[in-house]
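What follows is a single structure, written as structure tokens, with notes after it.
Sequential numbering from 1 along the given sequence is applied to the chain's residues.
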Amino acid sequence: MTFWSLGYITSKYGYHNESETRGVIDTLKNAGYSVDGVVLDLYWYGKETDMGRLEWNKEQWPDHRKMLADLKAQGVNTVLISQPYINKIGAIDNYNQLAEKGMLTHDAQGKINDVTTWVGEAGMFDVANPDTRRWLRERYRTLTDEGVGGWWGDLGEPEVHPETIVHANGEKARQYHNVYGNVWSSIIYDLYKDEYPDTRLMTLMRGGTTGLQRYSVFPWSTDVSRSWAGLQPQIKIMLNSGLSGLAYMSHDVGGFAIDKENPIDPELYVRWLQLGTFSPILRTHAQEFAEPYHYPEYADELLDLVKTRYRWLPYNYTLAYENASQGYPMVRPLNFDTHGATPYDSITDEYMWGSEVLVAPVLQQGARKRDIVVPDGTWIDYNNPDVTYHGPSKISYDAPLNVLPMLIRAGAFIPQADYEMDNTGDYDASRYTVLYYPRSNVTSDYVMFEDDRKSTSSLDNGEYALITFRGAASKSSITVDIDMSGDYPGMPTEKTITLVLPGIKSSNIKSVTENGRVRTITESADKYFTLTVTLTRNEPLKIVLSL
């Protein structure tokens, strides 16, 4: 997992030139937004009919190398689009070169089989041909060396794939169609593995088949409409994709294809960003009005959502570890940890974010409350932790526009990065705020992951640390055990852990001991109990609160 991809990424169809791109980033930052990525649609190579040039347009991007370097210095990674097609107008030089060397798709008679794309007549890269793959790899390598931070493979189903095509390996279009996206993704994956072995890869890709996740692919649900009907299926898509191995399925937050009669829907944008905040990738993208600063009437709510995304980085990165080490999806159905048929099997409008958090976005226009199915067990209201629910049950949850309904499993530990960040480069592994939700007679444990957030081999080499939290609560006491094991280059020798117990007032705590030593309670009696401790490897902590 590319750590910066867990931050906020801005995208649009499209940023037309260097000035516009710099301006968007400056506007976001001036408005207080953290930003980790910017995606450049097809205008980086000129205009629509230049598809397949795979070369910067010098008039629109007079000094792209400096722009890439300047953005990177601000913590912003630039992602470029490419497609499987070579337009016969703006990319005719590439078309002729590839045609001469037999790298375009052919028909059964060996004649070049051109295709009709949405931007006109074009050739098609035959990625079944090793020479084509080498040609594409060299283009991607050159651009990556100039400072490109990630890749976007669009139209890679392939979108236009006539059945008359016979690929270089002898397979017809119908036989090769689904695997095309995998092979295309593997070109970039193998390039990084060979040429940039210490760099984690992000490739946005919307086409492929079984095994696509092997190539560090971050798929999305294509050009969804900016409508409530476009928003509503996104949970189901993430659930099904996650269970199929594609843990990082996401969506164009805000809705891509706008209705020209009603191009802006602020309420829809807020609700979509709420879902996006707890999705594998948070990337706003649209034909127009893609960025959150276009909705000034909800500036506070939108800014808080992006800040929430960064605050949850420790928890979200641990979800990425669980996917890499165990194959668990980030977005999980309510029945993920159950066996056999359950009452939750058909629920597709709420989901588990990992094993500890239930997210129930509002998906209906004008709605200010929604029903939530509460699974077995005890759950705490994230927005009002004084409230507890018991499942199985169904509740009606008040959800004004500034509220995303969320429940936390009793006993859960939720690690947070509770400080301001311009980007994920400001992440500080020496300090965490950990929310703990104890309830009587509930025991629990949670393992948080950390590494250097850069190495491509930290898991294989065992260069990572695990922080284990264990909790137990009764009517008379709350006990928290914290232990840290493992190591990695650059790991802080100590961790400052601020333990916060939402729903448990300081006035309810009679005494506190840390490894047998009495601690003074300094928090106000009416605030939730908070305790700051120092954790060192191989020196476990035991905290006991008497009630």
Side-chain angles (χ1 to χ4, degrees), residues 2 4-5 7-29 33 35-87 90-91 94 118-119 136 139-156 184-185 188 191 201-206 217-220 222-223 250 252-254 256 281-294 423:
T2 311
W4 63 262
S5 67
Y8 168 53
I9 301 170
T10 183
S11 179
K12 179 187 172 184
Y13 174 57
Y15 302 130
H16 289 78
N17 51 53
E18 179 178 331
S19 176
E20 182 180 354
T21 303
R22 288 180 180 272
V24 166
I25 297 301
D26 288 346
T27 304
L28 285 167
K29 287 185 172 292
Y33 286 94
V35 191
D36 269 89
V38 59
V39 181
L40 300 184
D41 212 316
L42 48 79
Y43 299 114
W44 75 271
Y45 49 67
K47 54 185 180 296
E48 286 83 350
T49 51
D50 293 332
M51 184 181 293
R53 285 186 67 237
L54 289 174
E55 182 180 338
W56 289 91
N57 180 285
K58 299 300 183 183
E59 294 181 1
Q60 295 162 232
W61 314 87
D63 194 347
H64 65 272
R65 290 181 182 85
K66 186 176 188 308
M67 181 196 73
L68 293 172
D70 289 347
L71 291 175
K72 185 63 176 177
Q74 297 180 71
V76 180
N77 298 271
T78 305
V79 178
L80 298 187
I81 195 173
S82 69
Q83 300 95 345
Y85 307 111
I86 310 96
N87 190 271
N94 283 348
W118 67 280
V119 292
L136 277 167
R139 284 299 177 104
Y140 292 137
R141 184 195 64 77
T142 299
L143 292 159
T144 301
D145 285 346
E146 292 178 346
V148 173
W151 290 97
W152 173 14
D154 200 18
L155 314 181
W184 186 18
S185 299
I188 303 172
L191 166 67
L201 169 64
M202 180 188 185
T203 302
L204 293 167
M205 185 69 70
R206 79 181 202 191
V217 165
F218 297 71
W220 83 103
T222 74
D223 295 343
S250 63
D252 292 344
V253 171
F256 172 76
I281 302 297
L282 172 55
R283 179 182 56 87
T284 52
H285 183 60
Q287 292 173 314
E288 294 288 345
F289 312 112
E291 303 81 11
Y293 54 71
H294 289 292
N423 54 72

W151 versus T144, side-chain donor and acceptor atoms under 3.5 Å = yes
Check whether the side chains of Y43 and E48 place a donor and an acceptor atom closer than 3.5 Å, and report yes or no.
-> yes
For K47, does the NZ atom have more than 12 heavy-atom neighbours from other residues, nucleotides or ligands under 6.0 Å away?
-> no
Could you walk me through whether Y140 and V148 pass side-chain contact (heavy atoms from CB on, under 4.5 Å), step by step?
-> CA-CA 9 Å; Y140 292 137; V148 173; over 6 Å; no
Determine whether S11 and D41 make a side-chain contact, defined as any pair of heavy atoms from C-beta on separated by less than 4.5 Å.
-> no
Give the C-alpha distance, both sets of side-chain angles, the deciding distance and a yes or no for side-chain contact (heavy atoms from CB on, under 4.5 Å) between W152 and W220.
-> CA-CA 11 Å; W152 173 14; W220 83 103; 2.8 Å; yes
Does R141 have any side chain to side chain donor-acceptor pair (under 3.5 Å) partners at least two apart in sequence or in another chain, and if so, which?
-> E138, D145
Between P62 and N17, is any pair of side-chain heavy atoms under 4.5 Å apart?
-> no
When every non-hydrogen atom of A91 is compared with those of M51, the smallest separation belongs to CB-O, 3.4 Å
Kindly indicate whether the side chain of V24, heavy atoms from C-beta on, has any atom under 4.5 Å from the side chain of V38.
-> no
Heavy-atom pair with the smallest gap, counting every atom of L155 and P84 | O-CG, 3.6 Å
Considering only heavy atoms from C-beta outward, does the side chain of Q60 approach that of W44 to under 4.5 Å?
-> no
What orientation do F256 and H285 show, parallel under 30°, tilted 30 to 60°, or perpendicular over 60°?
-> parallel
Student check: side-chain heavy atoms of N77 and M202 closer than 4.5 Å = no
Any pair with a residue in residues 75-87 that passes salt bridge (Lys or Arg N to Asp or Glu O under 4.0 Å), sequence neighbours left out, goes on the list, sorted by first then second residue, please.
-> none
Would you call E291 and V35 a side-chain contact if the rule is heavy atoms closer than 4.5 Å?
-> no
Does N87 use its side chain to pair, donor to acceptor, with the backbone of V119 at less than 3.5 Å?
-> yes
Can you tell if the side chain of R139 reaches within under 4.5 Å of the side chain of N94, non-hydrogen atoms only?
-> yes
Would Y45 and S82 count as having a side-chain donor-acceptor pair, cut-off 3.5 Å?
-> no
Are L40 and W56 close enough that some pair of their side-chain heavy atoms sits under 4.5 Å apart?
-> yes
Does a donor on one side chain and an acceptor on the other come within less than 3.5 Å for Y33 and T27?
-> no
